[in-house]
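Working notes for the structure below.
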Number of protein chains: 2
Amino acid sequence: MTVKAQFDHSNCEDCPIRHRAVCARCDADELEELESIKYYRSFEAGQTIIWCGDQMNFVGSVVAGIASLTQTMEDGRTQMVGLLLPSDFVGRPGREAAPYDVQATTDVVMCCFRKKPFEELMATTPHIAHRLLQMTLDELDAAREWMLVLGRKTAREKIASLLSIIARRDASISQKGLTGSIVFDLPLTREAMADYLGLTLETVSRQISALKKEGVITLEGKRHVTIPDLGRLMEEAGDDSDGGFLV
Amino acid sequence: MTVKAQFDHSNCEDCPIRHRAVCARCDADELEELESIKYYRSFEAGQTIIWCGDQMNFVGSVVAGIASLTQTMEDGRTQMVGLLLPSDFVGRPGREAAPYDVQATTDVVMCCFRKKPFEELMATTPHIAHRLLQMTLDELDAAREWMLVLGRKTAREKIASLLSIIARRDASISQKGLTGSIVFDLPLTREAMADYLGLTLETVSRQISALKKEGVITLEGKRHVTIPDLGRLMEEAGDDSDGGFLV
DNA sequence: TGGTTGCTTTGATGGAGATCAAGTGGGAAC
DNA sequence: GTTCCCACTTGATCTCCATCAAAGCAACCA
(Lines give C-alpha, C1' and ligand atoms only; values in the text may rest on other atoms or scores of the structure.)
Protein backbone atom coordinates (compact mmCIF):
# COMPACT_ATOMS: atom_id res chain seq x y z
CA MET A 1 0.00 0.00 0.00
CA THR A 2 1.37 3.37 -1.00
CA VAL A 3 -0.16 6.20 0.95
CA LYS A 4 1.37 9.59 1.12
CA ALA A 5 1.24 11.38 4.39
CA GLN A 6 -0.52 14.36 2.86
CA PHE A 7 -2.85 14.86 -0.03
CA ASP A 8 -1.78 17.42 -2.53
CA HIS A 9 -4.80 18.66 -4.37
CA SER A 10 -3.18 21.53 -6.16
CA ASN A 11 -3.84 19.67 -9.40
CA CYS A 12 -7.53 19.25 -8.66
CA GLU A 13 -8.40 22.25 -10.77
CA ASP A 14 -7.99 20.10 -13.85
CA CYS A 15 -9.95 17.27 -12.37
CA PRO A 16 -13.46 17.36 -13.77
CA ILE A 17 -14.75 15.41 -10.82
CA ARG A 18 -13.45 17.70 -8.14
CA HIS A 19 -14.29 15.44 -5.22
CA ARG A 20 -13.74 17.22 -2.01
CA ALA A 21 -13.99 13.97 -0.15
CA VAL A 22 -12.19 11.50 -2.25
CA CYS A 23 -11.30 12.82 -5.63
CA ALA A 24 -11.60 9.76 -7.74
CA ARG A 25 -8.95 10.90 -10.15
CA CYS A 26 -6.59 12.80 -7.95
CA ASP A 27 -6.64 10.33 -5.12
CA ALA A 28 -6.28 7.46 -7.49
CA ASP A 29 -2.72 8.54 -7.99
CA GLU A 30 -2.17 8.25 -4.31
CA LEU A 31 -4.52 5.51 -3.27
CA GLU A 32 -4.94 2.73 -5.74
CA GLU A 33 -7.18 1.06 -3.19
CA LEU A 34 -9.75 3.78 -3.71
CA GLU A 35 -9.56 3.25 -7.43
CA SER A 36 -10.10 -0.45 -7.07
CA ILE A 37 -13.38 -0.14 -5.17
CA LYS A 38 -14.73 2.73 -7.19
CA TYR A 39 -17.72 2.57 -9.53
CA TYR A 40 -20.18 4.97 -11.09
CA ARG A 41 -23.94 5.10 -10.93
CA SER A 42 -26.41 7.27 -12.82
CA PHE A 43 -29.84 8.41 -11.70
CA GLU A 44 -32.61 10.16 -13.56
CA ALA A 45 -34.18 13.36 -12.32
CA GLY A 46 -36.87 12.58 -9.78
CA GLN A 47 -35.47 9.17 -8.94
CA THR A 48 -34.89 8.32 -5.31
CA ILE A 49 -31.29 7.34 -4.78
CA ILE A 50 -31.71 6.15 -1.21
CA TRP A 51 -34.89 5.67 0.78
CA CYS A 52 -35.04 6.77 4.38
CA GLY A 53 -34.42 3.72 6.54
CA ASP A 54 -32.78 1.69 3.79
CA GLN A 55 -29.56 -0.14 4.27
CA MET A 56 -26.78 1.91 2.77
CA ASN A 57 -24.18 -0.22 1.10
CA PHE A 58 -22.17 2.55 -0.48
CA VAL A 59 -20.76 5.99 0.09
CA GLY A 60 -19.69 8.40 -2.59
CA SER A 61 -19.65 11.81 -4.15
CA VAL A 62 -21.91 13.58 -6.55
CA VAL A 63 -20.06 13.99 -9.82
CA ALA A 64 -22.74 15.72 -11.88
CA GLY A 65 -26.22 17.01 -11.21
CA ILE A 66 -27.97 17.89 -8.00
CA ALA A 67 -29.33 15.63 -5.30
CA SER A 68 -31.32 16.56 -2.24
CA LEU A 69 -31.75 15.20 1.27
CA THR A 70 -35.39 15.22 2.26
CA GLN A 71 -37.43 14.48 5.36
CA THR A 72 -41.14 13.80 5.15
CA MET A 73 -43.80 13.79 7.85
CA GLU A 74 -46.66 11.32 7.91
CA ASP A 75 -49.09 13.88 6.58
CA GLY A 76 -46.87 14.68 3.63
CA ARG A 77 -45.20 17.86 4.74
CA THR A 78 -41.63 17.71 3.49
CA GLN A 79 -38.50 19.59 4.30
CA MET A 80 -35.31 19.46 2.34
CA VAL A 81 -32.45 19.26 4.79
CA GLY A 82 -29.53 19.41 2.44
CA LEU A 83 -28.54 20.06 -1.12
CA LEU A 84 -25.82 17.99 -2.72
CA LEU A 85 -23.92 19.73 -5.47
CA PRO A 86 -21.11 18.20 -7.52
CA SER A 87 -18.19 17.25 -5.25
CA ASP A 88 -20.41 16.79 -2.20
CA PHE A 89 -20.16 13.59 -0.27
CA VAL A 90 -23.00 11.20 0.53
CA GLY A 91 -23.04 8.50 3.12
CA ARG A 92 -22.35 7.74 6.73
CA PRO A 93 -19.35 5.58 7.43
CA GLY A 94 -20.23 3.44 10.40
CA ARG A 95 -23.98 3.76 9.92
CA GLU A 96 -26.38 1.14 8.77
CA ALA A 97 -29.58 2.90 7.77
CA ALA A 98 -30.08 6.12 5.86
CA PRO A 99 -31.61 8.82 8.04
CA TYR A 100 -33.50 10.52 5.18
CA ASP A 101 -34.38 10.21 1.53
CA VAL A 102 -31.77 11.12 -1.04
CA GLN A 103 -33.35 12.18 -4.31
CA ALA A 104 -31.99 13.12 -7.69
CA THR A 105 -33.27 16.64 -8.34
CA THR A 106 -31.69 16.68 -11.77
CA ASP A 107 -30.02 13.81 -13.58
CA VAL A 108 -27.22 12.70 -11.31
CA VAL A 109 -23.99 10.82 -11.69
CA MET A 110 -22.36 9.54 -8.57
CA CYS A 111 -18.98 8.11 -7.91
CA CYS A 112 -19.51 5.35 -5.40
CA PHE A 113 -17.40 3.21 -3.13
CA ARG A 114 -18.71 0.07 -1.55
CA LYS A 115 -19.15 0.88 2.09
CA LYS A 116 -17.33 -2.04 3.70
CA PRO A 117 -14.07 -1.64 1.78
CA PHE A 118 -14.28 2.12 2.19
CA GLU A 119 -14.62 1.78 5.94
CA GLU A 120 -11.71 -0.61 6.06
CA LEU A 121 -9.68 1.81 4.04
CA MET A 122 -10.70 4.56 6.43
CA ALA A 123 -9.54 2.54 9.40
CA THR A 124 -6.10 2.05 7.90
CA THR A 125 -5.79 5.51 6.43
CA PRO A 126 -6.06 8.11 9.16
CA HIS A 127 -6.12 11.12 6.90
CA ILE A 128 -9.23 9.86 5.09
CA ALA A 129 -10.98 9.70 8.45
CA HIS A 130 -9.66 13.14 9.23
CA ARG A 131 -10.84 14.49 5.90
CA LEU A 132 -14.26 13.00 6.51
CA LEU A 133 -14.45 14.66 9.92
CA GLN A 134 -13.62 18.01 8.40
CA MET A 135 -16.30 17.55 5.77
CA THR A 136 -18.87 16.52 8.32
CA LEU A 137 -18.05 19.59 10.38
CA ASP A 138 -18.57 21.69 7.25
CA GLU A 139 -21.94 20.09 6.68
CA LEU A 140 -22.86 20.67 10.30
CA ASP A 141 -22.00 24.34 10.01
CA ALA A 142 -24.05 24.57 6.84
CA ALA A 143 -27.01 22.87 8.49
CA ARG A 144 -26.84 25.24 11.43
CA GLU A 145 -26.55 28.28 9.24
CA TRP A 146 -29.62 27.03 7.40
CA MET A 147 -31.47 26.79 10.71
CA LEU A 148 -31.13 30.57 11.00
CA VAL A 149 -32.62 30.90 7.53
CA LEU A 150 -35.55 28.61 8.35
CA GLY A 151 -36.24 30.01 11.78
CA ARG A 152 -35.78 33.73 11.44
CA LYS A 153 -35.69 34.96 7.88
CA THR A 154 -38.58 36.34 5.86
CA ALA A 155 -39.68 34.74 2.60
CA ARG A 156 -37.83 37.35 0.61
CA GLU A 157 -34.64 36.84 2.62
CA LYS A 158 -34.96 33.09 2.26
CA ILE A 159 -35.13 33.32 -1.53
CA ALA A 160 -32.19 35.70 -1.61
CA SER A 161 -30.21 33.37 0.65
CA LEU A 162 -30.83 30.41 -1.61
CA LEU A 163 -29.98 32.33 -4.75
CA SER A 164 -26.75 33.63 -3.30
CA ILE A 165 -25.72 30.15 -2.21
CA ILE A 166 -26.30 28.74 -5.65
CA ALA A 167 -24.65 31.74 -7.23
CA ARG A 168 -21.53 31.44 -5.12
CA ARG A 169 -21.39 27.70 -5.51
CA ASP A 170 -22.05 27.79 -9.22
CA ALA A 171 -19.86 30.77 -9.89
CA SER A 172 -16.77 28.62 -9.94
CA ILE A 173 -18.29 26.49 -12.67
CA SER A 174 -20.28 28.87 -14.81
CA GLN A 175 -18.95 32.04 -16.34
CA LYS A 176 -19.02 35.36 -14.65
CA GLY A 177 -20.32 38.10 -16.88
CA LEU A 178 -18.09 40.93 -18.00
CA THR A 179 -19.54 43.35 -15.51
CA GLY A 180 -19.04 40.98 -12.63
CA SER A 181 -22.59 39.74 -12.87
CA ILE A 182 -23.26 36.08 -12.23
CA VAL A 183 -25.28 33.92 -14.58
CA PHE A 184 -26.62 30.46 -13.91
CA ASP A 185 -29.54 28.13 -14.42
CA LEU A 186 -31.69 27.38 -11.43
CA PRO A 187 -31.32 23.66 -10.88
CA LEU A 188 -34.48 23.46 -8.75
CA THR A 189 -38.18 23.67 -9.45
CA ARG A 190 -40.19 26.22 -7.49
CA GLU A 191 -41.52 23.36 -5.44
CA ALA A 192 -38.05 22.08 -4.56
CA MET A 193 -37.03 25.60 -3.57
CA ALA A 194 -40.11 25.82 -1.39
CA ASP A 195 -39.23 22.53 0.28
CA TYR A 196 -35.75 23.77 0.98
CA LEU A 197 -36.93 27.11 2.33
CA GLY A 198 -39.92 26.00 4.37
CA LEU A 199 -42.33 27.93 2.13
CA THR A 200 -45.03 27.14 -0.40
CA LEU A 201 -44.28 27.17 -4.10
CA GLU A 202 -46.69 30.09 -4.59
CA THR A 203 -44.76 32.22 -2.13
CA VAL A 204 -41.50 31.29 -3.83
CA SER A 205 -42.93 32.32 -7.17
CA ARG A 206 -44.24 35.63 -5.84
CA GLN A 207 -40.97 36.55 -4.16
CA ILE A 208 -38.94 35.71 -7.25
CA SER A 209 -41.29 37.89 -9.29
CA ALA A 210 -40.80 40.69 -6.78
CA LEU A 211 -36.99 40.44 -6.87
CA LYS A 212 -37.19 40.48 -10.64
CA LYS A 213 -39.46 43.51 -10.75
CA GLU A 214 -37.07 45.39 -8.48
CA GLY A 215 -34.05 44.51 -10.56
CA VAL A 216 -32.23 42.49 -7.92
CA ILE A 217 -32.21 39.61 -10.38
CA THR A 218 -33.01 39.14 -14.05
CA LEU A 219 -34.88 36.17 -15.41
CA GLU A 220 -34.80 34.74 -18.91
CA GLY A 221 -37.46 32.11 -19.13
CA LYS A 222 -38.16 30.53 -15.78
CA ARG A 223 -34.81 29.20 -14.81
CA HIS A 224 -32.05 31.30 -16.32
CA VAL A 225 -30.95 33.81 -13.71
CA THR A 226 -28.62 36.79 -13.91
CA ILE A 227 -27.45 38.46 -10.74
CA PRO A 228 -26.09 41.88 -11.62
CA ASP A 229 -24.91 42.67 -8.11
CA LEU A 230 -24.19 39.82 -5.73
CA GLY A 231 -23.58 42.27 -2.89
CA ARG A 232 -27.08 43.65 -3.29
CA LEU A 233 -28.51 40.15 -3.24
CA MET A 234 -26.59 39.28 -0.10
CA GLU A 235 -27.94 42.37 1.58
CA GLU A 236 -31.42 41.24 0.65
CA ALA A 237 -30.55 37.92 2.27
CA GLY A 238 -29.66 39.70 5.49
CA ASP A 239 -26.36 37.98 5.10
CA ASP A 240 -23.43 39.23 7.10
CA SER A 241 -21.39 36.06 6.83
CA ASP A 242 -19.12 35.11 3.98
CA GLY A 243 -21.39 32.16 3.45
CA GLY A 244 -18.41 29.90 3.56
CA PHE A 245 -20.27 27.18 5.40
CA LEU A 246 -23.31 27.04 3.25
CA VAL A 247 -23.80 24.04 1.00
CA MET B 1 1.31 5.07 26.16
CA THR B 2 -1.31 2.55 27.09
CA VAL B 3 -4.30 2.60 24.83
CA LYS B 4 -6.78 -0.21 24.63
CA ALA B 5 -8.10 -1.08 21.24
CA GLN B 6 -11.68 -0.58 22.39
CA PHE B 7 -13.35 1.61 24.92
CA ASP B 8 -15.45 -0.20 27.44
CA HIS B 9 -17.98 2.18 28.87
CA SER B 10 -20.09 -0.34 30.69
CA ASN B 11 -18.95 1.31 33.91
CA CYS B 12 -20.03 4.76 32.78
CA GLU B 13 -23.33 4.44 34.58
CA ASP B 14 -21.54 5.28 37.79
CA CYS B 15 -19.66 8.10 36.23
CA PRO B 16 -21.32 11.40 37.08
CA ILE B 17 -19.74 13.03 34.11
CA ARG B 18 -21.01 10.63 31.48
CA HIS B 19 -19.04 12.09 28.64
CA ARG B 20 -20.09 10.58 25.41
CA ALA B 21 -17.04 11.94 23.74
CA VAL B 22 -14.29 11.56 26.21
CA CYS B 23 -15.47 10.55 29.62
CA ALA B 24 -13.03 12.30 31.85
CA ARG B 25 -13.23 9.66 34.50
CA CYS B 26 -13.77 6.53 32.53
CA ASP B 27 -11.28 7.34 29.83
CA ALA B 28 -8.76 8.37 32.39
CA ASP B 29 -8.35 4.73 33.21
CA GLU B 30 -7.55 4.04 29.63
CA LEU B 31 -5.89 7.19 28.43
CA GLU B 32 -3.73 8.90 30.97
CA GLU B 33 -2.86 11.41 28.27
CA LEU B 34 -6.40 12.69 28.35
CA GLU B 35 -6.23 13.01 32.10
CA SER B 36 -3.04 15.01 31.90
CA ILE B 37 -4.46 17.70 29.64
CA LYS B 38 -7.85 17.90 31.33
CA TYR B 39 -9.13 20.85 33.34
CA TYR B 40 -12.49 22.19 34.48
CA ARG B 41 -14.14 25.54 33.90
CA SER B 42 -17.32 26.99 35.37
CA PHE B 43 -19.62 29.55 33.82
CA GLU B 44 -22.55 31.46 35.27
CA ALA B 45 -25.96 31.47 33.67
CA GLY B 46 -26.08 34.04 30.91
CA GLN B 47 -22.34 34.14 30.44
CA THR B 48 -20.94 33.73 26.97
CA ILE B 49 -18.53 30.81 26.88
CA ILE B 50 -17.25 31.44 23.38
CA TRP B 51 -17.90 34.39 21.09
CA CYS B 52 -18.57 33.82 17.43
CA GLY B 53 -15.34 34.38 15.55
CA ASP B 54 -13.10 33.92 18.58
CA GLN B 55 -10.09 31.71 18.56
CA MET B 56 -10.96 28.45 20.22
CA ASN B 57 -8.16 27.09 22.29
CA PHE B 58 -10.01 24.22 23.87
CA VAL B 59 -12.50 21.48 23.24
CA GLY B 60 -14.52 19.70 25.89
CA SER B 61 -17.75 18.35 27.22
CA VAL B 62 -20.55 19.85 29.22
CA VAL B 63 -20.50 18.24 32.65
CA ALA B 64 -23.39 20.08 34.30
CA GLY B 65 -25.90 22.66 33.18
CA ILE B 66 -27.09 23.66 29.74
CA ALA B 67 -25.32 25.64 27.07
CA SER B 68 -26.66 26.83 23.76
CA LEU B 69 -25.23 27.54 20.33
CA THR B 70 -26.62 30.76 18.96
CA GLN B 71 -26.47 32.70 15.73
CA THR B 72 -27.37 36.36 15.59
CA MET B 73 -28.16 38.60 12.64
CA GLU B 74 -27.07 42.22 12.44
CA ASP B 75 -30.53 43.45 13.33
CA GLY B 76 -30.67 41.32 16.44
CA ARG B 77 -32.76 38.40 15.30
CA THR B 78 -31.30 35.31 16.93
CA GLN B 79 -31.66 31.61 16.31
CA MET B 80 -30.45 28.93 18.62
CA VAL B 81 -28.83 26.24 16.48
CA GLY B 82 -28.03 23.70 19.13
CA LEU B 83 -28.60 22.78 22.72
CA LEU B 84 -25.76 21.29 24.73
CA LEU B 85 -26.85 19.03 27.55
CA PRO B 86 -24.52 17.27 29.98
CA SER B 87 -22.24 14.87 28.10
CA ASP B 88 -22.41 16.85 24.87
CA PHE B 89 -19.20 17.80 23.18
CA VAL B 90 -18.11 21.32 22.25
CA GLY B 91 -15.39 22.27 19.84
CA ARG B 92 -14.04 21.73 16.39
CA PRO B 93 -10.80 19.84 16.15
CA GLY B 94 -8.92 21.31 13.27
CA ARG B 95 -10.78 24.62 13.33
CA GLU B 96 -9.51 27.97 14.37
CA ALA B 97 -12.50 30.23 14.89
CA ALA B 98 -15.82 29.47 16.54
CA PRO B 99 -18.67 29.61 14.03
CA TYR B 100 -21.28 30.80 16.54
CA ASP B 101 -21.74 31.99 20.10
CA VAL B 102 -21.78 29.41 22.86
CA GLN B 103 -23.71 30.65 25.87
CA ALA B 104 -24.37 29.27 29.30
CA THR B 105 -28.15 29.00 29.59
CA THR B 106 -27.89 27.80 33.17
CA ASP B 107 -24.80 27.60 35.32
CA VAL B 108 -22.41 25.37 33.43
CA VAL B 109 -19.42 23.24 34.29
CA MET B 110 -17.28 22.09 31.44
CA CYS B 111 -14.52 19.56 31.24
CA CYS B 112 -11.98 21.01 28.87
CA PHE B 113 -8.95 19.82 27.00
CA ARG B 114 -6.46 22.20 25.48
CA LYS B 115 -7.00 21.99 21.77
CA LYS B 116 -3.46 21.46 20.56
CA PRO B 117 -2.69 18.46 22.78
CA PHE B 118 -6.13 17.06 22.12
CA GLU B 119 -5.58 17.23 18.39
CA GLU B 120 -2.22 15.57 18.73
CA LEU B 121 -3.81 12.85 20.79
CA MET B 122 -6.47 12.48 18.15
CA ALA B 123 -3.86 12.04 15.46
CA THR B 124 -2.19 9.22 17.34
CA THR B 125 -5.36 7.60 18.63
CA PRO B 126 -7.56 6.58 15.71
CA HIS B 127 -10.54 5.55 17.77
CA ILE B 128 -10.84 9.01 19.30
CA ALA B 129 -11.04 10.45 15.80
CA HIS B 130 -13.54 7.77 14.92
CA ARG B 131 -15.62 8.52 18.00
CA LEU B 132 -15.58 12.20 17.15
CA LEU B 133 -16.79 11.44 13.64
CA GLN B 134 -19.67 9.40 15.00
CA MET B 135 -20.62 12.21 17.35
CA THR B 136 -20.44 14.80 14.64
CA LEU B 137 -22.68 12.65 12.46
CA ASP B 138 -25.13 12.46 15.37
CA GLU B 139 -25.11 16.22 15.68
CA LEU B 140 -25.62 16.57 11.96
CA ASP B 141 -28.63 14.29 12.08
CA ALA B 142 -30.02 16.26 15.01
CA ALA B 143 -29.51 19.55 13.19
CA ARG B 144 -31.27 18.21 10.11
CA GLU B 145 -34.15 16.84 12.11
CA TRP B 146 -34.47 20.25 13.69
CA MET B 147 -34.65 21.81 10.24
CA LEU B 148 -37.91 19.92 9.73
CA VAL B 149 -39.19 21.37 12.99
CA LEU B 150 -38.21 24.91 12.02
CA GLY B 151 -39.38 24.72 8.45
CA ARG B 152 -42.61 22.79 8.57
CA LYS B 153 -44.09 22.45 12.03
CA THR B 154 -46.73 24.65 13.64
CA ALA B 155 -46.07 26.56 16.86
CA ARG B 156 -47.90 23.91 18.85
CA GLU B 157 -45.92 21.10 17.24
CA LYS B 158 -42.69 22.97 17.81
CA ILE B 159 -43.37 23.28 21.54
CA ALA B 160 -44.35 19.62 21.76
CA SER B 161 -41.19 18.64 19.88
CA LEU B 162 -38.99 20.59 22.25
CA LEU B 163 -40.71 19.22 25.33
CA SER B 164 -40.42 15.65 24.14
CA ILE B 165 -36.74 16.09 23.38
CA ILE B 166 -36.05 17.43 26.83
CA ALA B 167 -38.28 14.80 28.38
CA ARG B 168 -36.52 11.95 26.64
CA ARG B 169 -33.11 13.39 27.28
CA ASP B 170 -33.85 14.22 30.89
CA ALA B 171 -35.74 11.01 31.56
CA SER B 172 -32.53 9.11 32.11
CA ILE B 173 -31.53 11.57 34.80
CA SER B 174 -34.75 12.55 36.54
CA GLN B 175 -37.21 10.12 37.96
CA LYS B 176 -40.07 8.68 36.03
CA GLY B 177 -43.33 8.87 37.93
CA LEU B 178 -45.09 5.74 39.07
CA THR B 179 -47.61 5.88 36.28
CA GLY B 180 -44.93 6.25 33.66
CA SER B 181 -45.28 10.01 33.63
CA ILE B 182 -42.15 12.09 33.19
CA VAL B 183 -41.26 14.97 35.48
CA PHE B 184 -38.58 17.56 34.90
CA ASP B 185 -37.71 21.21 35.25
CA LEU B 186 -37.58 23.28 32.10
CA PRO B 187 -34.01 24.47 31.85
CA LEU B 188 -34.91 27.25 29.44
CA THR B 189 -36.68 30.58 29.72
CA ARG B 190 -39.60 31.22 27.40
CA GLU B 191 -37.34 33.47 25.41
CA ALA B 192 -34.68 30.80 25.00
CA MET B 193 -37.34 28.34 23.90
CA ALA B 194 -38.57 30.89 21.39
CA ASP B 195 -35.05 31.35 20.05
CA TYR B 196 -34.68 27.63 19.63
CA LEU B 197 -38.05 27.22 17.95
CA GLY B 198 -38.06 30.26 15.70
CA LEU B 199 -41.02 31.79 17.53
CA THR B 200 -41.68 34.75 19.81
CA LEU B 201 -41.77 34.30 23.54
CA GLU B 202 -45.44 35.30 23.60
CA THR B 203 -46.34 32.50 21.22
CA VAL B 204 -44.34 30.04 23.31
CA SER B 205 -46.19 31.13 26.43
CA ARG B 206 -49.59 30.87 24.75
CA GLN B 207 -48.93 27.41 23.35
CA ILE B 208 -47.68 26.11 26.67
CA SER B 209 -50.82 27.49 28.31
CA ALA B 210 -52.91 25.72 25.70
CA LEU B 211 -51.15 22.37 26.17
CA LYS B 212 -51.64 22.80 29.91
CA LYS B 213 -55.33 23.62 29.58
CA GLU B 214 -55.84 20.53 27.45
CA GLY B 215 -54.04 18.27 29.88
CA VAL B 216 -51.18 17.28 27.58
CA ILE B 217 -48.81 18.64 30.21
CA THR B 218 -49.08 19.81 33.81
CA LEU B 219 -47.26 22.82 35.17
CA GLU B 220 -46.27 23.58 38.74
CA GLY B 221 -44.99 27.09 38.87
CA LYS B 222 -43.53 28.16 35.57
CA ARG B 223 -40.84 25.59 35.03
CA HIS B 224 -41.78 22.32 36.67
CA VAL B 225 -43.35 20.11 34.03
CA THR B 226 -45.15 16.78 34.28
CA ILE B 227 -45.87 14.81 31.15
CA PRO B 228 -48.52 12.20 31.94
CA ASP B 229 -48.38 10.58 28.51
CA LEU B 230 -45.26 10.93 26.41
CA GLY B 231 -46.96 9.17 23.52
CA ARG B 232 -49.66 11.81 23.44
CA LEU B 233 -47.06 14.56 23.47
CA MET B 234 -45.17 12.97 20.62
CA GLU B 235 -48.36 12.80 18.60
CA GLU B 236 -48.81 16.49 19.24
CA ALA B 237 -45.30 16.96 17.95
CA GLY B 238 -46.21 15.18 14.72
CA ASP B 239 -43.34 12.94 15.56
CA ASP B 240 -43.06 9.62 13.81
CA SER B 241 -39.39 9.09 14.51
CA ASP B 242 -37.90 7.65 17.64
CA GLY B 243 -36.21 10.97 18.16
CA GLY B 244 -32.93 9.17 18.48
CA PHE B 245 -31.04 11.85 16.64
CA LEU B 246 -32.33 14.85 18.45
CA VAL B 247 -30.05 16.69 20.83
C1' DT C 1 -43.20 47.52 53.71
C1' DG C 2 -42.88 49.01 49.35
C1' DG C 3 -40.18 49.23 45.21
C1' DT C 4 -37.46 47.29 41.64
C1' DT C 5 -36.39 43.76 38.42
C1' DG C 6 -36.88 39.76 35.55
C1' DC C 7 -39.79 36.32 33.84
C1' DT C 8 -44.30 35.23 32.40
C1' DT C 9 -49.13 35.63 31.01
C1' DT C 10 -52.87 37.59 28.55
C1' DG C 11 -55.29 40.72 25.37
C1' DA C 12 -55.99 43.36 20.98
C1' DT C 13 -54.61 44.09 16.43
C1' DG C 14 -52.25 43.57 12.07
C1' DG C 15 -49.65 41.35 8.50
C1' DA C 16 -46.83 37.78 6.17
C1' DG C 17 -47.50 33.86 4.17
C1' DA C 18 -50.74 29.70 3.46
C1' DT C 19 -54.54 28.12 1.01
C1' DC C 20 -57.75 27.79 -2.66
C1' DA C 21 -58.53 28.71 -7.40
C1' DA C 22 -57.82 30.17 -12.13
C1' DG C 23 -55.09 31.04 -15.78
C1' DT C 24 -50.50 31.30 -18.70
C1' DG C 25 -46.95 29.50 -21.55
C1' DG C 26 -43.80 26.40 -23.47
C1' DG C 27 -42.30 21.89 -24.82
C1' DA C 28 -43.28 17.16 -26.31
C1' DA C 29 -46.34 13.76 -28.41
C1' DC C 30 -49.67 12.81 -31.71
C1' DG D 1 -51.23 22.20 -36.07
C1' DT D 2 -53.48 20.60 -32.11
C1' DT D 3 -53.56 18.68 -27.76
C1' DC D 4 -51.85 17.57 -23.52
C1' DC D 5 -49.05 18.17 -19.70
C1' DC D 6 -46.27 20.32 -16.53
C1' DA D 7 -44.06 24.06 -14.29
C1' DC D 8 -45.12 28.36 -13.21
C1' DT D 9 -47.77 32.80 -12.29
C1' DT D 10 -51.29 35.58 -10.41
C1' DG D 11 -55.42 36.71 -7.72
C1' DA D 12 -58.62 36.44 -3.62
C1' DT D 13 -59.20 35.16 0.89
C1' DC D 14 -58.07 33.29 5.32
C1' DT D 15 -55.30 32.13 9.37
C1' DC D 16 -51.61 31.65 12.28
C1' DC D 17 -48.33 33.97 14.45
C1' DA D 18 -45.84 38.54 15.24
C1' DT D 19 -46.32 42.80 17.26
C1' DC D 20 -47.61 46.14 20.59
C1' DA D 21 -49.29 46.86 25.12
C1' DA D 22 -50.50 45.98 29.83
C1' DA D 23 -50.60 43.50 33.83
C1' DG D 24 -49.43 39.41 37.09
C1' DC D 25 -46.14 37.29 40.01
C1' DA D 26 -42.11 35.82 42.57
C1' DA D 27 -37.52 36.98 44.20
C1' DC D 28 -34.68 40.24 45.96
C1' DC D 29 -33.22 44.53 48.06
C1' DA D 30 -33.47 48.78 50.63
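Atoms considered below: every heavy atom in the structure, side chains included; atoms not considered: hydrogens, waters and symmetry mates. Numbered from 1 within each chain, the chains take letters A, B, ... in sequence-line order.
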TODO: Nearest whole angstrom, please: distance from the P of dA16(C) to the CG of Leu199(B).
DONE: 18 Å
Open item on the list: If you assign Ile208(B) and Arg152(B) each to the DNA chain C nucleotide with the nearest heavy atom, which residue ends up on the more 5' nucleotide?
Closed with: Ile208(B)
TODO: For Arg156(A), report the nucleic acid contact type (base, sugar-phosphate, nothing); a contact means any heavy atom under 4.0 Å.
DONE: nothing
- [ ] For Val108(A) and Ala67(A), work out which heavy atoms get closest and say how close.
- [x] CG2-N, 4.2 Å
Task: Nearest atoms (heavy-atom pairs only) where Leu140(B) meets Ala143(A) - done: CD1-CB, 4.1 Å
Task: Integer-rounded Å distance: dT9(C) C1' and Ile159(B) CD1 - done: 14 Å
Task: Nearest heavy atoms of Gly91(A) and Val59(A), plus distance in Å - done: CA-CG1, 4.0 Å
Open item on the list: When you compare the side chains of Lys153(B) and Ser161(B), does any donor N or O come within less than 3.5 Å of an acceptor on the partner?
Closed with: yes
- [ ] Figure out the CG/C1' separation between Leu211(B) and dT9(C), and round it to whole Å.
- [x] 15 Å
Task: Under 3.5 Å side-chain donor-acceptor pair for Thr70(B) and Asp101(B) - done: no
- [ ] Assign each of Val204(A) and Ala155(B) to its nearest nucleotide of DNA chain D by heavy atoms, then name whichever residue's nucleotide is nearer the 5' end.
- [x] Val204(A)
Open item on the list: From C-beta outward on Arg223(A), which listed nucleotide comes closest to its side chain: dC17(D), dC8(D), dT8(C)?
Closed with: dC8(D)
TODO: Give the rounded distance in Å between these two atoms: CD of Glu220(B) and C1' of dC25(D).
DONE: 17 Å
Please tabulate the protein-to-nucleotide N/O contacts below 3.5 Å involving nucleotides 10-13 of chain C, giving atom names and distances.
unit_1: dT10(C); atom_1: OP2; unit_2: Ser209(B); atom_2: OG; d: 2.9
unit_1: dG11(C); atom_1: N7; unit_2: Arg206(B); atom_2: NH1; d: 2.9
unit_1: dG11(C); atom_1: O6; unit_2: Arg206(B); atom_2: NH2; d: 3.1
unit_1: dA12(C); atom_1: N6; unit_2: Arg206(B); atom_2: NH2; d: 3.4

- [ ] Using whole Å, report how far CD of Gln207(B) lies from P of dA18(D).
- [x] 9 Å
Open item on the list: Is the terminal nitrogen or CZ of Arg41(B) (NZ for Lys, CZ for Arg) located under 6.0 angstrom from the six-membered ring centre of Phe58(B) and within 45° of that ring's axis?
Closed with: yes
Open item on the list: Considering every strand and a 4.0 Å limit on heavy-atom distances, what is the contact class for Gly198(A): base, sugar-phosphate, or nothing?
Closed with: sugar-phosphate
Open item on the list: Within the 4.0 Å heavy-atom criterion, would you say Thr189(B) contacts the bases, only the backbone, or no part of the nucleic acid?
Closed with: sugar-phosphate
Open item on the list: Less than 4.5 Å apart, side chain to side chain, heavy atoms only: is that true for Met110(B) and Val102(B)?
Closed with: no
TODO: Figure out the NE2/P separation between His224(B) and dC25(D), and round it to whole Å.
DONE: 21 Å
- [ ] Write down the distance between CZ (Arg190(B)) and C1' (dA18(D)), rounded to a whole number of angstrom.
- [x] 18 Å
Task: Spacing of Leu219(B) atom CG relative to dT9(C) atom C1', expressed in whole Å - done: 12 Å
